[in-house]
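Structure record follows, encoded as structure tokens.
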Amino acid sequence: MKTLRSLSILMVLVFGGMLFCTTVASAKAIELSLGLIVPPKHLRYLHVIEPWMKMIEERTKGAVKINPYFNMTLAPARELFDATVKGLADISETYTFDPPGKFVITQTMALPETGFKTSVSCSRALWHLYKTFPEMKEEYKGVKVLWLHTTPAMKLMMKRKPVRSLEDLKGLKICVSGDLGVKVAKALGFSPVAMPTADIYVAQDKGVIDGHIRPSELLISRSFHEVTKYAIDVDLGHDLFFIAMNPNTFNKLPPDAQKVFDQLSGDWAVDFTGKEWDKFDTEAETTAKGKGVEYISLSPQEIARWRKLLVPIHEEYAAELESKKLPGKKILEELRKFGAKK
């Protein structure tokens with residue numbers, strides 16, 4: 001009898017231990033990798049990506065944890081999309097102008113002088129095009145797009161030379177983004193230089209380039225204020241970004257976790273990102289001015305001269321899309337209609 005009682009107690013302890021171990025194992029978080037092109041102190045990471053990661057973890061009650069991999073440690077910027085398709089990165093965030101020719105419809109929103117000067121207005125327009133045109137969705141085949149977003153209108157940042165007219169641009173070497181940046185250079189009459197954003201600081205410091213075209217926040221995010229004296233307030237286009245997820249990674253998540261990802265992506269994420277970006281970009285401009293960067297506003301007459309040269313790029317780009325059997329004209333028309341409603 002005593003032996004049976006001891007055996008029963010032993011079985012209860014063993015079963016209880018097994019149950020406890022199973023519970024602990026099932027409580028272990030699902031860890032996902034997030035490939036990033038930015039450093040950990042970048043304003044976009046601090047104000048958008050990191051808060052989003054925390055919201056995912058909180059709303060899944062710790063069931064999902066996202067681990068960031070900074071500065072292209074998972075893959076170079078131009079390879080992050082393919083790395084996400086292959087599952088080398090569970091999630092990634094990078095720009096769409098590299099590799100060239102991959103996101104040609106998406107890049108429509110990179111055009112200068114579209115009238116969408118804020119990140120939130122431009123991001124909404126970009127997301128509207130994505131939802132409207134199947135041809136644009138096809139550019140992201142192989143991933144689950146969580147959301148798209150853009151910089152505010154980018155400005156011309158100069159190391160030491162103030163630019164107040166088109167004539168001041170002659171002979172200057174300026175870093176641009178992608179093929180559309182080259183078109184902007186051709187239209188305005190300066191020499192375009194292509195290089196990763198991470199290389200701009202050293203290039204500008206050493207005089208390899210005279211300036212660059214980027215949003216104000218990089219003056220703080222990457223300390224470009226240390227090598228920049230002037231910021232010329234003109235709309236020279238936008239850099240565009242995607243946040244994408246490997247579909248198999250998403251499908252393996254528990255249904256409740258999938259629901260959280262869906263809630264924190266799409267329209268909600270586009271607005272969240274755009275509003276936060278506009279806020280920290282404005283704050284960065286104020287900080288940069290306090291550190292000695294002078295912002296130059298062109299005269300109305302001069303702005304009209306620049307626009308006269310930049311706006312024809314719209315039709316030129318639409319024609320290039322048409323030559324590739326893509327609906328360039330319809331996309332441009334839809335973009336203008338969307339802008340008229342805002």
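Index from 1, following the sequence. In this text, all values refer to a predicted model and were calculated from it rather than measured experimentally.
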(message) Angle between ring planes, Y45 versus F70, binned at 30° and 60°: parallel, tilted or perpendicular?
(response) perpendicular

(message) I'd like to know if K131 and E334 make a salt bridge, using a cut-off of under 4.0 Å between side-chain N and carboxylate O.
(response) no

(message) Using a strict threshold of under 4.0 Å (side-chain N to carboxylate O), is an ion pair present between D90 and K252?
(response) no

(request) Drop me the distance from L156's CG to I296's CD1, to the nearest 0.5 angstrom. (result) 9.0 Å

(message) Any carboxylate oxygen within less than 4.0 angstrom of a Lys/Arg side-chain nitrogen, looking at E315 and K183?
(response) no

(request) Compute whether any side-chain donor of one residue and acceptor of the other, for R214 and S177, lie under 3.5 angstrom apart. (result) yes

(message) So, taking the atom named CZ in R44 and the one named CD in E93, what distance separates them when rounded to the nearest 0.5 Å?
(response) 4.0 Å

(message) Quick one, E135 and P327 - any side-chain contact, counting heavy atoms below 4.5 Å?
(response) yes

(request) For residues K141 and F81, report the shortest heavy-atom separation together with the two atoms involved. (result) O-CZ, 3.6 Å

(message) Let me confirm one number: the CZ-OG1 distance from R160 to T228, rounded to the nearest 0.5 Å.
(response) 11.5 Å

(request) Answer yes or no: is there a side-chain heavy-atom contact under 4.5 Å between L172 and V163? (result) yes

(request) Could you grab the distance from atom CG of D235 to atom NE2 of H238, nearest 0.5 Å is fine? (result) 5.0 Å

(message) So, applying ring pair (Phe, Tyr, Trp, His ring centres under 6.0 Å) with H212, which one of F224, F190, Y230 is it?
(response) F224

(message) Please tell me whether L236 and L126 are part of a single hydrophobic cluster in this structure, the criterion being side-chain heavy atoms less than 4.5 Å apart.
(response) yes

(request) Flag the pair K173 and D210 as a salt bridge only when some basic side-chain nitrogen lies within less than 4.0 angstrom of an acidic carboxylate oxygen. (result) no

(request) Measure from NZ or CZ of K330 to the centre of the six-membered ring of F133, then state whether that distance is under 6.0 Å and the direction lies within 45° of the axis. (result) no

(message) Just verifying a value: how many Å separate L309 CG and E113 CD, rounded to the nearest 0.5 Å?
(response) 11.0 Å

(message) F103 and ring pair (Phe, Tyr, Trp, His ring centres under 6.0 Å): which single residue from Y130, F97, Y140, Y95 fits?
(response) Y140

(message) Exactly one of W52, F261, F272 should register a ring pair (Phe, Tyr, Trp, His ring centres under 6.0 Å) with W147. Which one does?
(response) W52

(request) Starting at CD of E320, measure out to CG of D179 and round the result to the nearest 0.5 Å. (result) 8.0 Å

(request) Taking all heavy atoms of R305 and all of S165, pick out the closest pair and write down the distance. (result) NH1-CB, 4.5 Å

